[in-house]
Amino acid sequence: MKGFIGTLRKGVRSMNDSMVPSDDTRSEIKIKRRRFRIILLMGTVFLFAMFLISISISSGGIIPISDAFMFLISAIAKGGEDLTTEELYVFSSRLPRVVAAIGVGAGLAIAGCMFQALIRNPLVDPYITGVSSGAGCLAVAASTTISSFAFLAGYSAYIIPIAAIVGGLLAFAFTLAVAEGAGGSATNYILSGVIVGFAFSSLQTVFLSLNKDNLTNVMWWLYGSFGNITWENAFLVLIPALGISIIAMLWAREFNVFMSGEDQARLLGLNVRRFKAIMMVIASVLTSVCVAFVGVIGFVGLIVPHACRMLLGSDHRLIMPASIVLGACLMLFADIIARVAISPLELPVGAITALIGTPVFAYMLVRRGREYDG
């Protein structure tokens with residue numbers, strides 16, 4: 001009997017020892033946590049610097065950073081009323097763009113992080129479910145309808161974003177139905193998203209050909225721009241985008257469990273099918289909200305979470321907060337470049353993120369086979 005108890009104790013001790021991280025693992029965890037703190041610190045500093053630059057420089061002119069900051073403080077102290085020309089320019093024209101860019105950058109980065117985990121592919125982005133094509137299709141359709149009915153023109157600032165959200169969610173619903181009908185695997189979701197995306201893109205082309213008189217405004221929406229952002233819609237972008245992003249981070253541990261493998265996740269008590277469906281709905285809603293007022297902006301949801309995975313590993317408790325900070329930084333930086341690159345003309349911000357993202361992503365893709373540890 002004593003021999004049996006001794007053997008049992010040895011087995012339990014051996015099991016506990018196997019669950020304790022090795023010295024190498026502890027060292028790796030410390031390195032990634034140190035990287036995480038550096039990313040948050042440097043990202044916050046860079047974001048504040050981009051904020052100051054963004055309120056001081058644009059295609060409309062340059063104001064010294066110190067003066068722009070003082071104008072902003074003065075405008076806020078006045079409650080946005082009885083402002084001077086400089087205060088009005090900084091507070092009412094430039095600051096709403098900053099607010100919207102931060103929300104959209106953070107939201108798209110978190111959405112990309114979620115999709116990459118759920119589909120188990122670090123090379124997908126928030127539009128893999130066809131959300132982008134669906135949003136663009138119904139936005140163009142709404143624009144065509146508005147141009148045909150003059151009495152709707154005064155409501156275009158809200159009709160088009162609502163149509164974009166509905167289109168994005170509708171596209172996701174089709175993708176979800178096809179993917180689940182085909183078995184619900186990661187590959188099925190990717191293929192279904194491609195099919196649905198092609199279908200909505202084809203319809204979008206039809207609407208574009210019917211909307212030639214308003215083609216310039218439609219094309220700006222399809223390539224993304226913060227030019228039409230005002231205080232009326234800036235917080236309609238920022239609050240839902242950041243709110244949904246924070247809510248998504250509450251499931252960071254569940255994402256870690258899910259990434260360990262579906263069978264292992266089920267053994268640990270996670271309802272894999274329900275978790276995947278709910279998280280995909282949340283990610284699609286987040287993507288739709290982000291593109292609703294500023295248009296389709298690519299690459300942010302692809303390169304930011306992928307870079308975070310390369311630097312921080314697969315722990316979503318680190319990846320998701322880092323993605324929020326870096327996504328906001330990238331979007332704000334791209335908007336500044338879009339405004340000043342060929343001043344006084346303004347470029348679509350989606351074109352800038354693509355120009356930045358393409359070489360960065362190509363570099364990461366080449367290095368992925370050797371260094372990617374997510």
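Not measured: the values here are computed from a predicted model. What's counted below: heavy atoms across the whole structure, side chains too, no hydrogens, waters or symmetry copies. Numbering starts at 1 and runs along the sequence shown.
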Could you work out, with side chain to side chain donor-acceptor pair (under 3.5 Å) as the rule, every residue matching Glu180, not counting sequence neighbours? Tyr189, Arg273
Distance-only, no hydrogens or angles: does the Asn256 side chain make a donor-acceptor pair with backbone N or O of His316 under 3.5 Å? yes
Do Arg339 and Phe226 meet the cation-pi criteria used here (NZ or CZ under 6.0 Å from the six-membered ring centre, within 45° of the axis)? no
Answer yes or no: does atom CZ of Phe299 have more than 12 heavy-atom neighbours from other residues, nucleotides or ligands under 6.0 Å? yes
Under a 4.5 Å side-chain heavy-atom rule over Ile, Leu, Val, Met, Phe, Trp and Tyr, are Ile38 and Met50 clustered together? no
Between Arg309 (side chain) and Cys113 (backbone), is there a donor-acceptor pair under 3.5 Å? yes
Has the side chain of Thr358 got a donor or acceptor atom that lies under 3.5 Å from a matching backbone atom of Leu355? no
ILVMFWY network linking Ile162 to Leu169, side-chain heavy atoms under 4.5 angstrom: no
Do Trp251 side-chain atoms and Met279 backbone N/O form a donor-acceptor pair below 3.5 Å? no
Quick one: hydrophobic cluster around Val194, which other residues, with the 4.5 Å side-chain cut-off, linked directly or via members? Phe198
Determine, for Lys32 against Asp315, whether the closest basic-nitrogen to carboxylate-oxygen distance falls under 4.0 angstrom. no
Val196 with Val296, same ILVMFWY side-chain cluster at under 4.5 Å: no
Hey, can you tell me if Phe69 and Phe48 have their rings parallel, tilted or perpendicular (30° and 60° cut-offs)? perpendicular
Counting only heavy atoms not in Arg253, do more than 12 fall under 6.0 Å of its CZ? no
Check whether more than 12 heavy atoms from other residues, nucleotides or ligands sit under 6.0 Å from atom CZ of Phe258, and answer yes or no. yes
With sequence neighbours left out, what residues match Asp82 under salt bridge (charged side-chain N to carboxylate O under 4.0 Å, His left out)? none
Say whether Ile76 and Ile102 are linked into one hydrophobic cluster, either directly or through other cluster members, by side-chain heavy-atom distances under 4.5 angstrom. yes
Hey, is the main chain of Leu311 close enough, under 3.5 Å, to the side chain of Arg35 for a donor-acceptor pair? yes
For Ser56 and Ile65, indicate whether the former's side chain and the latter's backbone hold a donor-acceptor pair under 3.5 Å. no
Residues which pass side-chain contact (heavy atoms from CB on, under 4.5 Å) with Ala341, listed by chain and number, not counting sequence neighbours: Ile337, Leu347
Residues that Ser74 engages under side-chain contact (heavy atoms from CB on, under 4.5 Å), provided they are two or more places apart: Lys78, Glu87
For a 4.5 angstrom cut-off between non-hydrogen side-chain atoms, does Ile229 reach Asn233? yes
Val304 versus Gly327, closest heavy-atom pair with distance: CG1-N, 3.8 Å
Partner residues of Ser133 under the side chain to side chain donor-acceptor pair (under 3.5 Å) criterion, sequence neighbours left out: Ser201
Heavy atoms of other groups near Asn228 CG, more than 12 under 6.0 Å: no
Which class fits the ring pair Phe255 and Phe275: parallel under 30°, tilted 30 to 60°, perpendicular over 60°? perpendicular
Nearest atoms (heavy-atom pairs only) where Thr287 meets Pro126: OG1-CB, 3.4 Å
